**Student:** 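Got a structure here, written out as structure tokens. Questions coming.
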Amino acid sequence: MDAYDGGSNARRGPGAASEPGHAPEPERPEKAYGSHGANGPEAPGEPDAAVESRARVPAQDREPAEVRSATSNPYAGPAHPGSSEPAHPDPSEPADTRPSAIRPAAPAPDLAPYRAPEPEPRTGVAALSLRYQIGVALALAVVAVAVCVHIGMVFLHVAPSNTVTKQHGRAVDDWVYPEFEQNWKLFAPNPLQLNIAVQVRARVRSADGGSRTTGWYDLSAQDGRAIDGNLLPSHTQQNELRRSWDLFVATHDADNRPVGLRGTLSGTYLRRIVVLRLERDHATARGDVLVSVQVRSRTSNVPPPKWSEEKVPVQPVYRELPWWAVTADDTEGSAR
């Protein structure tokens, strides 16, 4: 009988077609993978008892995991230098779930909590409270207004005559005189080249009824000596006597007669200044009384420099005013 006969009972090789009407028998696991299952045949010469005895060997006597994995596992290889973990674990090996084999998670980096930058400390006016800031703002506003008003008044004083100065000239003069008066003689085409000294003498009635006339007191020379060497001379020493004489000359004619109301006022102002200066310089003895005073000016030319060929007269010119009677109002300031 033929071994390949369909009707024979001979065994058929694997994969051979079965008889009609019979489904092929499924292959058993032993036939597909052998007698040792899906994991393949055991290594020759290593029975099950040897495996069990190897499991009982202490951990310190075993081969290092790195050497064993490097020789037996083609997938082994450190993921990072100095690390014992393989970069690609073997899919056929079961994961080691022993507590000793589980590596703890790497600690998170210590990050300091975020802190917003502290604001810089306020300085100056910003460091003040709201109340004081308002006070400073008001003070600055007042100062700014005063400065603007002063600049405007000085501008109107030195500007040519216009509608504003014609209507408000008195207010402008009251603001400017005498502290803020502007004198442009230094910048004139022909600067002042004269030395003008104001001198005064007095008639005095003594306590026994007699009278006498004092000598000339050079008041301008006294102011010059007070200013010389003084780093901070007073406004009175520099300008009081000089400006009072300039005002008198500007408001009087050649015969010393006043021109307008300012002329009379300037004469009274000059008389009171010289009376106070005489009493301050003790021109009268105890018990003496000032009866009248006389003022004069001594005008001389400034000598030219040595290299100049300019010729100027050197003889001084005097201008004497009439005698003025001294009243109680003239001496009221010195009495106080």
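Being a predicted model, the structure only gives us computed values, none of them experimental.
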**Student:** Under a single-linkage definition using a 4.5 Å side-chain heavy-atom cutoff for Ile, Leu, Val, Met, Phe, Trp and Tyr, are Val145 and Phe180 assigned to the same hydrophobic cluster?
**Tutor:**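 Yes, it is one cluster - the side chains of Val145 and Phe180 are joined through contacts under 4.5 Å.
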**Student:** Go through the side-chain N and O atoms of His157 and Trp175 and say whether any donor and acceptor fall under 3.5 Å apart.
**Tutor:**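 Not at all, the side chains of His157 and Trp175 share no donor-acceptor pair under 3.5 Å.
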**Student:** For Thr327, is there any backbone N or O sitting under 3.5 Å from a side-chain donor or acceptor partner on Asp330?
**Tutor:**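 Indeed, once roles are kept as given, a pair shorter than 3.5 Å links the two residues.
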**Student:** Does CZ in Phe155 sit with more than 12 non-hydrogen atoms of other residues, nucleotides or ligands closer than 6.0 Å?
**Tutor:**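 Atom CZ in Phe155 is not crowded, with 12 or fewer foreign heavy atoms closer than 6.0 Å.
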**Student:** Nearest heavy-atom pair of Asp329 and Arg272: which atoms, and what distance?
**Tutor:**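 Asp329 and Arg272 have their closest heavy atoms at CB-NH2, 3.4 Å.
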**Student:** Using a 3.5 Å distance criterion without hydrogens, assess whether the side chain of Ser266 forms a donor-acceptor pair with backbone atoms of Gly263.
**Tutor:**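 At least one qualifying donor-acceptor pair exists.
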**Student:** Salt bridge or not between Arg205 and Asp288? Use side-chain N to carboxylate O under 4.0 Å.
**Tutor:**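 Looking at Arg205 and Asp288, the cut-off is not met.
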**Student:** Any non-hydrogen side-chain atom of Gln238 less than 4.5 Å from a side-chain atom of Ile227?
**Tutor:**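 A side-chain contact exists here, since the closest heavy-atom pair is under 4.5 Å.
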**Student:** So, for Ala127 and Arg122, which heavy atoms are closest and what is the spacing to 0.1 Å?
**Tutor:**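 That closest heavy-atom pairing would be CB-O, 3.4 Å.
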**Student:** So which heavy atom on Val312 is nearest to which on Pro304, and how close?
**Tutor:**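 Minimum heavy-atom separation between Val312 and Pro304: CG2-CD, 3.6 Å.
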**Student:** Would you mind checking if Asp173 and Arg170 are paired as a salt bridge, meaning a charged N to carboxylate O distance below 4.0 Å?
**Tutor:**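 So Arg170 does not pair with Asp173 through a salt bridge.
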**Student:** So do Ile273 and Leu241 actually touch side chain to side chain, heavy atoms under 4.5 Å?
**Tutor:**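 Yes; the side chains approach each other to less than 4.5 Å.
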**Student:** Verify salt bridge (charged side-chain N to carboxylate O under 4.0 Å, His left out) between Arg243 and Asp246, making sure each step is shown before the conclusion.
**Tutor:** CA-CA 5 Å; Arg243 296 304 301 141; Asp246 290 343; 2.9 Å; yes
**Student:** Minimum heavy-atom separation for Lys166 to Ser161, with atom names?
**Tutor:**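 Result for this residue pair: CE-OG, 3.5 Å.
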**Student:** Going by the rule side chain to side chain donor-acceptor pair (under 3.5 Å), which residues pair with Trp245 if we only count those two or more places apart in sequence or in a different chain?
**Tutor:**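 Counting only residues at least two positions away or on another chain, Trp245 forms no side chain to side chain donor-acceptor pair (under 3.5 Å).
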**Student:** Are Val295 and Trp216 connected in the hydrophobic side-chain network, where two residues link if heavy atoms are under 4.5 Å apart?
**Tutor:**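 Result: no, two separate clusters.
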**Student:** For the CZ atom of Arg277 and the CG atom of Asp281, what is their distance to the nearest 0.5 Å?
**Tutor:**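 Arg277 atom CZ to Asp281 atom CG measures 6.5 Å (nearest 0.5 Å).
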**Student:** List the residues meeting side chain to side chain contact (heavy atoms under 4.5 Å, CB included) with Thr214, not counting sequence neighbours, and say none if there are none.
**Tutor:**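 Checked Thr214 against side chain to side chain contact (heavy atoms under 4.5 Å, CB included); matches are Arg201, Ala202, Val204, Arg212, Tyr217.
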**Student:** State plainly whether one hydrophobic cluster holds both Met153 and Val142, where clusters connect Ile, Leu, Val, Met, Phe, Trp and Tyr through side-chain heavy atoms under 4.5 angstrom apart.
**Tutor:**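 They do not share one cluster, since no chain of ILVMFWY contacts under 4.5 Å joins Met153 to Val142.
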**Student:** Would a distance-only check, ignoring hydrogens and angles, find a side-chain to backbone donor-acceptor pair under 3.5 Å from Asp255 to Arg257?
**Tutor:**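 Flag not set: sc Asp255 to bb Arg257 has no pair under 3.5 Å.
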**Student:** Quick check: does any side chain N or O of Thr236 sit under 3.5 Å from a backbone N or O of Glu240, one acting as donor and the other as acceptor?
**Tutor:**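 No, Thr236 side chain to Glu240 backbone: no donor-acceptor pair under 3.5 Å.
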**Student:** Between Gln294 (side chain) and Trp323 (backbone), is there a donor-acceptor pair under 3.5 Å?
**Tutor:**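 No, the answer is negative, given that no donor and acceptor are paired below the 3.5 Å cut-off.
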**Student:** Indicate, with yes or no, if Val172 and Ile151 share a hydrophobic cluster defined by side-chain heavy-atom contacts under 4.5 Å among Ile, Leu, Val, Met, Phe, Trp and Tyr.
**Tutor:**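 As far as the 4.5 Å side-chain criterion goes, Val172 and Ile151 are not connected within one cluster.
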**Student:** Kindly indicate whether the side chain of Leu290, heavy atoms from C-beta on, has any atom under 4.5 Å from the side chain of Val275.
**Tutor:**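 When only atoms from C-beta onward are counted, Val275 and Leu290 do touch, with a gap below 4.5 Å.
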**Student:** As an exercise, state the distance from OG of Ser297 to OH of Tyr318, rounded to the nearest 0.5 Å.
**Tutor:**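 Between atom OG of Ser297 and atom OH of Tyr318 there are 10.0 Å.
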**Student:** Taking atom types as modelled and ignoring hydrogens, do the side chains of Arg298 and Asn195 form a donor-acceptor contact shorter than 3.5 angstrom?
**Tutor:**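 No - no donor-acceptor pair under 3.5 Å links their side chains.
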**Student:** Hey, does Val200 have a side-chain heavy atom less than 4.5 Å from the side chain of Arg296?
**Tutor:**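 They are not in side-chain contact.
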**Student:** Does either side chain, that of His235 or that of Asn239, offer a donor lying less than 3.5 Å from an acceptor on the other one?
**Tutor:**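 Indeed, the side chains of His235 and Asn239 share at least one donor-acceptor pair under 3.5 Å.
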**Student:** Do Ser220 and Asp223 have side-chain atoms, one donor and one acceptor, less than 3.5 Å apart?
**Tutor:**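 Asp223 and Ser220 do not have a side-chain donor-acceptor pair below 3.5 Å.
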**Student:** Using modelled atom types and a 3.5 Å cut-off, is there a donor and acceptor pairing between side-chain atoms of His252 and backbone atoms of Phe248?
**Tutor:**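 Side chain of His252 to backbone of Phe248, a donor-acceptor pair under 3.5 Å: yes, one is there.
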**Student:** Any heavy-atom pair between the side chains of Leu219 and Gln199 that's under 4.5 Å?
**Tutor:**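 Counting from C-beta outward, Gln199 and Leu219 never come under 4.5 Å.
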**Student:** Look up atom CG in Leu232 and atom CD in Gln237, then write down how far apart they are to the nearest 0.5 Å.
**Tutor:**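 The distance works out to 10.5 Å.
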**Student:** Is Tyr132 reachable from Leu140 through a run of hydrophobic residues whose side-chain heavy atoms are each under 4.5 Å from the next?
**Tutor:**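 Yes, Leu140 and Tyr132 fall within the same hydrophobic cluster.
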**Student:** Quick check: do Val302 and Leu194 have side-chain heavy atoms less than 4.5 Å from each other?
**Tutor:**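 With C-beta onward as the side chain, the pair stays apart.
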**Student:** Determine yes or no for a side-chain-to-main-chain donor-acceptor pair under 3.5 angstrom, with Asn162 supplying the side chain and Pro160 the backbone.
**Tutor:**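 Judged by distance alone, yes, a pair lies under 3.5 Å.
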**Student:** Is it true that a side-chain atom of Thr251 and a backbone atom of Leu247 form a donor plus acceptor pair closer than 3.5 Å?
**Tutor:**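 Side chain of Thr251 to backbone of Leu247: a pair is present.
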**Student:** So, do Pro322 and Asn256 sit near enough that their side-chain heavy atoms are less than 4.5 Å apart?
**Tutor:**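 Pro322 vs Asn256: side chains touch.
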**Student:** Quick check against the 3.5 Å criterion: does Asn301 have a side-chain atom that pairs as donor or acceptor with the backbone of Pro303?
**Tutor:**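 Between the backbone of Pro303 and the side chain of Asn301 there is no qualifying donor-acceptor contact (under 3.5 Å).
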**Student:** Of Leu270, Leu321, Val274, which is the lone residue that meets side chain to side chain contact (heavy atoms under 4.5 Å, CB included) with Val293?
**Tutor:**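 Considering Leu270, Leu321, Val274, a side chain to side chain contact (heavy atoms under 4.5 Å, CB included) with Val293 is found only for Val274.
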